[in-house]
Amino acid sequence: MRIETKNQGAEDLDTQLKAWRHDIEDVLDRYLPVERPTDLIEAGRHGLLGKGKRVRALLVLACGHDLGLCTDDVMTGACAIEMVHAASLILDDMPCMDDALCRRGRETTHRAYGQSTAILSAIGLISRAFELIGCDSTLPPAVRAEMVEKLAGAIGYAGLTGGQHDDLFSKHRLNGCPDLKDLYTRKTGVLYSVALTFGGLAANLTRREIDILSSAGKDLGLAFQLLDDLLDACGTQESVGKDVHKDVSKTTAVSLYGVMGAMHEVDRLSSDVRSTLSGVLGYNATVALVSQISQQAVARMKIGSPSLSGERLMEK
Ligand code: GRG
């Protein structure tokens, strides 16, 4: 299945990102129409179509753009990743995991539709993601096969599922920063890695270039997970759009590095990633997107009524 998009050729970065975000949401909406069983698909749409930032999908589009592709060449992969990400958020919010009430500024999916429907809707989203890639006949079969392999690997034991398991059950046994970074790379980094890899695969880059993108994606995801920890410590439900201060008893980037230390680590990772990406993609949309996302996260932290460590940040 392939759905043509409307906004091609916007000029400056903000206009371009807005247009891409609009295209992504429009295509997601059309990829998951309300069919039977209605409540199950409505639950999937609740998880998928709320006010997400669409960072992972934007990275696919930006990377494709920088490599000379048009939006429609990479849109299927971008939407598949968003569907998997939305499924992971639905599951992460469940009472047996994070037990969250609010996500993307509204009720979590299990609160709105019940736990059984929420779990099933997440499974439905994951299956639809693979269906989309499999059906995109405009991509060569070898590219589709590799996309399926990469996305499945990212969800599996070595990726989101294993990272989430360790996050739930190893939190008192983490041996400092290297363990936390390894866990975050699996829980969050791998999906960013797949996003950049999808751009590289669609553009037929060399194996070496794809490996560079994949590795930079992991570091980028790590940086964003550190930002997520900072937002949990220093944001408000209103500014972040989800429950905050959920991680106070956990080992996080903030508990290990402190607020300023975590900020510096984000800065360092983000700057390394931009420099690596510019080698493959030029100083272009992807690099600009990486800068913009970090800046916006920091802005959301400052709006918040800060926690103790956040107050120190505000004083500096
Ligand atoms: C089978 C898909 C699947 C997952 C099972 C539940 C689970 C294992 C993994 C959870 C992984 C997880 C939720 C990691 C946190 C990643 C993260 C930083 C989420 C917030 O991402 P944003 O800020 O959110 O991009 P929006 O709402 O803007 O999309």
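In each ligand, atom 1 is the first atom listed, and ligand 1 is the first ligand listed. Note that the numbering runs from 1 along the sequence shown for the chain.
Taking a cut-off of under 4.0 Å to the non-hydrogen atoms of I126, the atoms of ligand 1 that pass are 1 (C), 2 (C). When each atom of ligand 1 is checked for a heavy atom of R104 under 4.0 Å away, the hits are 26 (P), 27 (O), 29 (O).
With rounding to the nearest 0.5 angstrom, the CD1 atom of I81 is 9.5 Å from the CZ atom of R56.
Annotation: S88 places no N or O atom under 3.5 Å from an N or O atom of ligand 1; distance criterion only. At under 3.5 Å, not a single nitrogen or oxygen of R54, backbone or side chain, sits near a nitrogen or oxygen of ligand 1.
Applying the side-chain hydrogen bond (donor to acceptor under 3.5 Å, both in side chains) rule to pairs touching residues 111-125 yields nothing, sequence neighbours excluded.
Of all protein heavy atoms, the one lying nearest to atom 21 (O) of ligand 1 is R56 NH2, 3.2 Å. Summary of contacts: the protein heavy atom closest to atom 10 (C) of ligand 1 is Q164 OE1, 3.4 Å.
When the heavy-atom distances from atom 23 (O) of ligand 1 to K242, K51, K53 are ranked, the shortest goes to K53. The residue among K187, H165, Q225 with a heavy atom at the shortest distance from atom 12 (C) of ligand 1 is K187.
Considering D179, D229, D166, D228 in turn, D229 is the only one that fulfils the side chain to side chain donor-acceptor pair (under 3.5 Å) rule with Y184.
Within the 4.0 Å heavy-atom criterion, the part of D228 lying near ligand 1 is the side chain and not the backbone.
Residue contacts with ligand 1 leave out E82, since none of its heavy atoms falls under 4.0 Å from the ligand.
Look at R268 and E265 and you find a salt bridge, because one of the NZ, NE, NH1 or NH2 atoms lies within 4.0 Å of a carboxylate O, short of that distance.
Atom NZ of K246 has more than 12 neighbouring heavy atoms from other residues, nucleotides or ligands inside a 6.0 Å radius. The local environment of NZ in K181 is crowded, with over 12 non-hydrogen atoms from other residues, nucleotides or ligands closer than 6.0 Å.
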Open item on the list: Run the side chain to side chain donor-acceptor pair (under 3.5 Å) test on T108 and D93 for me, step by step, so that the C-alpha distance in whole Å, both residues' side-chain angles and the decisive distance to 0.1 Å come before the verdict.
Closed with: CA-CA 7 Å; T108 44; D93 288 338; 5.4 Å; no
